[in-house]
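Remarks on the structure that follows.
Only this structure's heavy atoms are used, side chains among them; waters, hydrogens and symmetry mates stay out. This one's a predicted model, so the numbers in the text were calculated from it and none came from an experiment.
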Amino acid sequence: MVLLSVAIASGSTIQAWVNYKVLRSRWINLLDAPSYSQVTIFILVAFLCCLISAVIGNAALAIADRGTIQGMPQWNNVLVWWVGDFLGVALVAPLLLSLFQNQPHKVNRITLVKGIGIPMILIVIAFQVSQQYIESMIVVNTKNEFELKAKAAENSLKQHMNAYIDALNQLEADLSQRSTINKEEFSKLVGRLTTALPGIKAMSWNPLVAQVDIPEFERYSRKYVDREFQIKGKPLLPTDPYVVVQLIEPLEKNRAAQGFNVFSNEARKQSMLRSKISQVATATDTIQLVQSDQKEPGFLIFAPVFKNVNSNDVSMGSYQSLSGFAVGVFLVSEIIQKSLDDELINFIDIYIYENGDQQHQVYGNKNIMGALSLGDGLSHVFDMKFANHLWTFNLHIDGEFVNALQVKNSLYFLVVEVLFGTLSAFIILSAFGRHEHLRLLVNARTSELEKVNSKLEHYAFYDSLTGLPNRRLFFDRAEHSLALAKRQKNRVALLFMDLNRFKQINDSLGHESGDQLLNEVAKRFSSTLRDSDTLARMGGDEFTLLIENNPSIEDVIAVAKKLAASLRQPIELAGQPLITSASIGVAIYPQDGDCIGDLLRRADTAMYQAKQSSVEICCYSEESHTQVS
């Protein structure tokens, strides 16, 4: 048992390893937005790999249980195992992966559960419910199928067995209407009656002969029946008559029985006496027929033949006497097998006993009764009156064959389940993959748009060359600072800076060198300022600075001096060191203006005053304004 478990576990392990290796070699990850082709490959690989464990497992069972697994064909075992494993891999594997495997930086757990886990759970539940229902229906249908076939077998047996009795009764009726019959007439009569009844071994005319009439009967039979006719079989009692087989057909196969006194056996004697008394065809118990080449169970049926003592008396009170018996020799197996077609014979086991005694076997395998007593399998029992005997028919299929029928019927559902399971897995995984693919595309596009928007926003508020706030952002911050300063009654300083001789540098060294100069100036200005100060490029070579937090005049002049000093170190342009300078104008809120426009104009005025005076820094005053004007 341990080795069997190890073998089955090894088959499953090999299957999982091959499946993993193949999928990994194809770079297939079901949780990472799989494409249609990847899902298709996963399903095909799973389908083929599941055959590994099915073959290994069934081979192990066949070796371990050799001689016991016979009711169901081996391919049924393999197929059921195969499709069962495949459904598990196709449906349960993605479900478990979605619930328990992490996908860092790819797909979050909630998306996996919603996209794969929940749909797969619903599919598995639906399949489980439908499978339970189908299995219960298969059990019922199997019982119904057996009952239908058993009932068909019962009707066929009754119909055919009655046909044998009817044939013998027809022979009896013909014999009772004749005073004599020769062997040619008898042969034609029997041939007509037995054409469609292959279970009849022989039919004979057995006249009743008193012991004193035996010599005359023998002389007559030798003259008109057979020259070698001879009576065989002594009477049981000195007073017993003879019942002799005079005519029998077919003769060649039954010649040994010709001339036999059938009244010489107690069992046959009692059967004939019951037949005479009841005036109904009566069968012997099952016996081994002496005229058969091989031992075959059969029985004799005696139909009494009565004739009027006075043939001219046809009244109701006419007296009849027994003149003999029409006898049929029947093979049990032939009757049973010809009464049932091959499908019923292969489908059902039969055991027949008579007169209520299970040990009194008529036909079949007695072991069926043991299975019936244990309730194993399915059975159908009925009684039938046959030639003054009560036969009990036991129709049975064992539990293993019942299981085989149920598996056979369930295979159709399994095939349908595999088709729907495959389709469901394909749709769910493909839809998830398509959704994830679209989501990734949307995220990528969104990220691109955010970057573009960020750049656009940056370009809208910052200078593209120096990265400093542009005129728009400077005015926005300045308006906000002035409003805050107005509420808090603080000062705000605005510095306007213009590079000296920038046009000459730009024209002589080129625009690229001019741009490098502006970049370097912006960096040097920024390095001297606090984070709270707002340095902006207004355009060209003009820069502005907004100093908040209520600075004093001395603080503003100090900052302006730092800005001017930052340009005293040479700047290398086009491989040449260049020293530049800037003219700086200063305006203070609120004394020089109460709006940004006024402050900017007055700082500009101060800057021009500084440029004309050849100084670096100049604060706004009415005098400077007049001079500039």
What are the two closest heavy atoms between [X] and [Y], and how far apart are they?
X	Y	answer
Y589	A485	CE2-CB, 3.9 Å
P469	R477	CG-NH1, 3.9 Å
V89	C50	CG2-SG, 3.8 Å
I584	A560	CD1-O, 3.5 Å
A606	Y620	CB-N, 3.7 Å
W82	F47	NE1-O, 2.6 Å

When rounded to the nearest 0.5 angstrom, what distance separates [atom1] in [X] from [atom2] in [Y]?
X	Y	atom1	atom2	result
E542	D604	CD	CG	6.5 Å
T422	E417	OG1	CD	10.0 Å
I428	M120	CD1	CE	4.5 Å
I56	T13	CD1	OG1	9.5 Å
F146	N141	CZ	CG	15.0 Å
F420	S130	CZ	OG	10.0 Å

Report yes if some heavy atom in the side chain of [X] is under 4.5 Å from a heavy atom in the side chain of [Y]; otherwise report no.
X	Y	result
F525	L567	yes
L456	F461	no
L546	F474	yes
I547	T534	no
I43	T40	no
D541	N506	no
F86	C49	no
L499	L518	yes

- Query: Is it true that K451 and E448 make a salt bridge, defined as a side-chain N closer than 4.0 Å to a carboxylate O?
  - Reply: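 No, this pair does not count.
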- Item | Pairing residues for D498 by the salt bridge (Lys or Arg N to Asp or Glu O under 4.0 Å) criterion, not counting sequence neighbours | K611
Taking [Y]'s backbone N and O only, do any of them form a donor-acceptor pair with [X]'s side chain (distance below 3.5 Å, no angle check)?
X	Y	result
R491	P551	yes
S430	I427	no
H380	L148	no
R537	G540	yes
D594	P590	no
D598	R601	no

- Task: Apply side-chain contact (heavy atoms from CB on, under 4.5 Å) to V492 and I588, showing your working.
- Result: CA-CA 6 Å; V492 175; I588 305 297; over 6 Å; no
- Message: Test of understanding: with side chain to side chain contact (heavy atoms under 4.5 Å, CB included), list the residues that count as partners of S614, not counting sequence neighbours.
- Response: none
- Query: Are there more than 12 heavy atoms of other residues, nucleotides or ligands under 6.0 Å from atom CD of E147?
  - Reply: yes
- Message: Would you say that more than 12 heavy atoms from the other residues, nucleotides or ligands in this model lie under 6.0 Å from the CD of Q569, or not?
- Response: no
Establish, from distance only, whether the side-chain atoms of [X] and [Y] form a donor-acceptor pair under 3.5 Å.
X	Y	result
D85	S53	yes
S552	D555	yes
S613	Q609	yes

- Message: Among Q504, H511, K503, which residue satisfies the side-chain hydrogen bond (donor to acceptor under 3.5 Å, both in side chains) criterion with D507?
- Response: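 It is K503; the other options fail the test.
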- Query: Just one of L495, L599, L600 clears the side-chain contact (heavy atoms from CB on, under 4.5 Å) bar with T544, so which one?
  - Reply: L600
- Pick out which of T466, L468, D533, V521 makes a side-chain contact (heavy atoms from CB on, under 4.5 Å) with S526. L468
- Check the pair Q38 / W27 against side-chain contact (heavy atoms from CB on, under 4.5 Å), numbers first and verdict last. CA-CA 9 Å; Q38 289 177 323; W27 296 96; 5.6 Å; no
- Pairs in or reaching into residues 571-581: which pass side-chain hydrogen bond (donor to acceptor under 3.5 Å, both in side chains), with residues at least two apart or in two chains?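 Non-adjacent pairs meeting side-chain hydrogen bond (donor to acceptor under 3.5 Å, both in side chains): N500-S581.
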- Report the C-alpha distance between F426 and Y36 in whole Å, list the side-chain angles of each, state the deciding distance to 0.1 Å, and finish with yes or no for side-chain contact (heavy atoms from CB on, under 4.5 Å). CA-CA 8 Å; F426 181 82; Y36 294 127; 4.1 Å; yes
- Can you check side-chain contact (heavy atoms from CB on, under 4.5 Å) on Q15 and Y20, steps first, answer last? CA-CA 9 Å; Q15 168 193 315; Y20 167 75; over 6 Å; no
